[in-house]
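Let me begin by presenting the structure, written as structure tokens, before commenting on it.
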There are 2 protein chains.
Amino acid sequence: MTDSARVRGRRPAQGEPVVDRALSLLATFDAEHRTLTLAELSRRAEIPPSSALRLANRLVDWGALERDDAGRFCVGLRLLEVATLAPRGHGLRQVALPFMNDLAEVTHQHVQLAVRDGMQAMLVERLSAHQAAPVDYRIGGRLPLHSTGVGLALLAFAPKEVQEELLSKPVYSEPDNRLIAADVLRRTLADVRRERLAIFRREDEHESIVSVAAPVFGRDDVVLGVVGVLVPKRVAQPRRLGLAVQTTARGISRELGAAATRL
Amino acid sequence: MTDSARVRGRRPAQGEPVVDRALSLLATFDAEHRTLTLAELSRRAEIPPSSALRLANRLVDWGALERDDAGRFCVGLRLLEVATLAPRGHGLRQVALPFMNDLAEVTHQHVQLAVRDGMQAMLVERLSAHQAAPVDYRIGGRLPLHSTGVGLALLAFAPKEVQEELLSKPVYSEPDNRLIAADVLRRTLADVRRERLAIFRREDEHESIVSVAAPVFGRDDVVLGVVGVLVPKRVAQPRRLGLAVQTTARGISRELGAAATRL
């Protein structure tokens, strides 16, 4: 019987709690914690060190984790091998990448590819021209649906239930934390749907950033993701960029088999 | 007690076999099997359907797997989120990508970034120009160390033990399955080390491909990966490409903090 099964009084026969514990070890890693000692792993996952070590060793054996020369743990290549099979991420990415390259070349900026995962946007690809100003969005990272260009484009074309769930609670802009009135957000989403283009201005202490994003359609009129460009406000010409982003989104959609009526 | 613990007579107390079984579900997916029914999952993982479903549901709850409208399983975005934290894959990739873009632009071909994982090369990034001839290497895929450009470059700069392990058994070229004499391979590796460049010609029924690859160094003179170009033989000018590939590898190495003496 596992410790957690004993504690929670759960039926231990199938041993699933131990699977959850193993997965919780994977979940302790993030962009700021790519390498963890056993003690850190144990503390962050809230699993006693002895169990954490046992579980981590299973994950190391399989290749989901790796250990460095100092014995610290990090995410392993085997996980990358499996993760690249995710149809929603890498299938889309394979088709989109050459088009994204073109967009990065002509704009000299950051180009993003994102999909919706529940109530968040997830960046599945990012290309950056050498000249592009540094930004801290990373692949695999999550973004709010209501405070980014790619997020707004995803939200505008998401099922009605998703939009209503988001609108059912107060929505605050990020990072400046201002309340966004529900009717304002509704109007924004209607605009994005009509224009097939989301333009979002992110005001920041350091530099204001404009993101411009357009939906990518697959078969059956389903939005599979969005492609967007991120530019510093001082160089941004959102409408001009919009044409390039929409052209890119149409190219990807056509490759993905979107009906001509959607293009 | 889990079925496998009972069968194998293993101590069930810690419940790790169930972790192995959960991981074996993840391992059933590959490039030809990105979506699997429960029956396929169960058969491929050699786990009874009832246990397979229970374990798969844990993985779905966490996001490692997802189910489509037809109830079939596929790899989930959450796994991509965690996998992108792998320092050996995505850390390198983030630095390499703008340089790889440049190389794809000037060559109009496929550009690869690979790392060594045990006795194989693993592709962590691939960029393809629109005009590039289709090839079937995919990101997350594995390649032989001795029968690809990126593989030879990785092997040449791998620890002596890795080279000797590979050379201790007969080595056959892929895909044409000819025996490669150990002394020939040794000479090739010495050439690659001296020139900092691997050139490999892959003869194929359909089209012969040339791959040209160069090592990427990090701090402490360690080879972190290799960058390469893949071109059809009819358009290949390997030496000319070699200069571009070496230039790209040096750019990435400098960004990674390689000592100037290594550049």
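What you see is a predicted model, and the numbers here were worked out from it, not measured in a lab. Sequence lines set the chain letters: A, B, ... in the order given, protein chains first and strands last, and positions in each chain run from 1.
Of all non-hydrogen atoms in Leu77(A) and Val124(B), the two that sit nearest each other are CD2-CG1, 4.2 Å. Pairing each heavy atom of Leu55(B) with each of Val19(A), the nearest pair is CD2-CG2, 3.8 Å. Of all the heavy atoms in Ala31(B) and Leu85(A), the pair that sits closest is N-CD2, 3.5 Å.
Residue-level contacts of residues 60-68 of chain A with chain B, in order of numbering, are Trp62(A), Glu66(A); threshold 4.5 Å between heavy atoms.
Under the side chain to side chain donor-acceptor pair (under 3.5 Å) criterion, Glu40(A) pairs with Thr37(A), sequence neighbours left out. For the side-chain contact (heavy atoms from CB on, under 4.5 Å) test, residues two or more places apart in sequence or in another chain that qualify with Gln120(A) are Arg142(A).
The list of salt bridge (Lys or Arg N to Asp or Glu O under 4.0 Å) pairs with a residue in residues 23-34 of chain B, not counting sequence neighbours, reads Asp30(B)-Arg44(B).
Taken to the nearest 0.5 Å, the CG atom of Asn101(B) stands 6.5 Å off from the CD atom of Glu105(A). One distance of note links CG of Asp117(A) with CD of Glu81(B); it measures 7.5 Å at 0.5 Å rounding.
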Next item on the list: Begin with the C-alpha distance, continue with both residues' side-chain angles, and end with the deciding distance and a verdict on side-chain contact (heavy atoms from CB on, under 4.5 Å) for Leu23(B) and Leu59(A).
Entry: CA-CA 8 Å; Leu23(B) 293 170; Leu59(A) 294 170; 4.1 Å; yes
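Glu125(A) touches chain B through its side chain: at least one heavy atom from C-beta onward sits under 4.5 Å away, while N, CA, C and O do not. Contact annotation for Leu97(B): only side-chain heavy atoms (C-beta onward) come within less than 4.5 Å of a heavy atom of chain A.
Between chain A and the residues Gly76(B), Ala27(B), Gly118(B), the largest count of heavy-atom pairs under 4.5 Å involves Ala27(B).
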